Amino acid sequence: MPRPRKRPAGTAGPEKKGQSEKRTKFENSGEASAKVESSSPQKTSVFKNCGRKLSNYWLMKSEPESRLDKGVDVKFSIEDLKAQPLQTACWDGVRNYQARNFLRAMKLEEEAFFYHSNCKEPGIVGLMKIVKEAYPDHTQFEENSPHYDPSSKEDNPKWSMVDVQFVRMMKRFISLAELKTYHQSHKATGGPLKDMALFTRQRLSVQPLTQEEFDFILSLEEKEPS
């Protein structure tokens, strides 16, 4: 199957309106020690670093608004995913070791929230699923790509990607602001979002979710925005 080009969001956390977002290519600052990790890390070791339970659910950030990086438009919205053949695309461009390891931990049919990042109103817009497990990200070898990494070798590639497929739109948009309100409340009450990586590991573009977090966010579809 052709691998449609796309560019997921890099390192955004809880964004403010108009805030600039670094690319994943620069996510690895302060993470030099990660280079000693195995090229095929086990899922257990990935999550041990987060101090969280093993996950079958994910949150993946992408930029829905046009922005040029080295002359290439890095925009990729959930509408762009829906427009791809078979509503499927590769999730390329991740340049952070921990986010890469999360990609490598993903299994077929696992679900992920599609999160619009670095935009006027960030938040969760839809659901997708993993349809191809991690394999080498072609953009690391392409000199004209903003995500080119000359230190990565084809016989030992540093960076991976997965293929994702559109599942459905959320019944309503779940904004970052709404999630933050629940996170702050749950920190005091011990609720489901008390340790959500969106707020505790803000700069990761690929994040694990516990089943409790995933189910709670889905339940918000049936409620009025807080």
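Because the structure is predicted, anything quoted here is derived from the model rather than measured.
Formation of a donor-acceptor pair under 3.5 Å by the Gln140 side chain with backbone atoms of Asp137 is found in this model. The closest donor-acceptor contact from the side chain of Asn96 to the backbone of Ala99 lies under 3.5 Å. The backbone N or O of Ser77 sits less than 3.5 Å from a side-chain atom of Asp80, completing a donor-acceptor pair. Here the side chain of Ser152 pairs no donor or acceptor atom with the backbone of Pro150 at under 3.5 angstrom. A donor-acceptor pair under 3.5 Å is absent between the side-chain atoms of Arg104 and the main chain of Met161, judged by distance alone. The backbone N or O of Glu63 sits nowhere less than 3.5 Å from a side-chain atom of Ser117 that would complete a donor-acceptor pair. Listed for the Gln165 side chain is a donor-acceptor partner under 3.5 Å among the backbone atoms of Leu86. Proximity of a side-chain donor or acceptor of His116 to a complementary backbone N or O of Ile78 within less than 3.5 Å is detected. A donor-acceptor contact shorter than 3.5 Å is absent between the side chain of Gln184 and the backbone of Thr181. Looking at Arg100, its side chain never comes within 3.5 Å of a backbone N or O of Arg95 through a donor-acceptor pair.
Within the model, atoms CE of Met196 and NZ of Lys180 stand 13.0 Å from one another, a figure rounded to the nearest 0.5 Å. Note: Arg67 CZ to Asp73 CG = 9.0 Å, rounded to the nearest 0.5 Å.
Across every non-hydrogen atom of Glu133 and Lys107, the tightest pair is OE2-CA, 3.5 Å. Between Met106 and Met60, the closest heavy-atom pair is CE-SD, 3.8 Å. The minimum heavy-atom distance linking Gln87 with Lys82 is given by the pair CG-O, 3.2 Å.
Less than 6.0 angstrom separates the ring centroid of Phe214 from the ring centroid of Phe113. Taking the ring centroids of Trp159 and Tyr148, they lie at or beyond the 6.0 Å cut-off.
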> What's the verdict on salt bridge (Lys or Arg N to Asp or Glu O under 4.0 Å) for Lys129 and Glu110, showing C-alpha distance, side-chain angles and the deciding distance?
Replying inline: CA-CA 5 Å; Lys129 65 181 179 179; Glu110 289 182 346; over 6 Å; no
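Of the candidates Phe173, Trp91, Trp58, Phe114 forms a ring-ring contact (aromatic ring centres under 6.0 Å, His included) with just one, namely Trp91.
Using a 30° and 60° split on the angle between ring planes, His186 and Tyr182 fall in the tilted class, from 30° to 60°. Aromatic ring orientation, Phe199 versus His183: parallel (interplanar angle below 30°, classes split at 30° and 60°).
For the pair Phe76/Gln84, a side-chain contact is recorded, criterion being any heavy-atom separation below 4.5 Å from C-beta on. The shortest side-chain heavy-atom distance between Val162 and Lys132 does not fall under the 4.5 Å cut-off. Gln98 has its side chain within reach of Leu204: a pair of non-hydrogen atoms, C-beta onward, lies under 4.5 Å apart. Annotation: side chain of Gln211 is not in contact with side chain of Asn56 (no heavy-atom distance under 4.5 Å).
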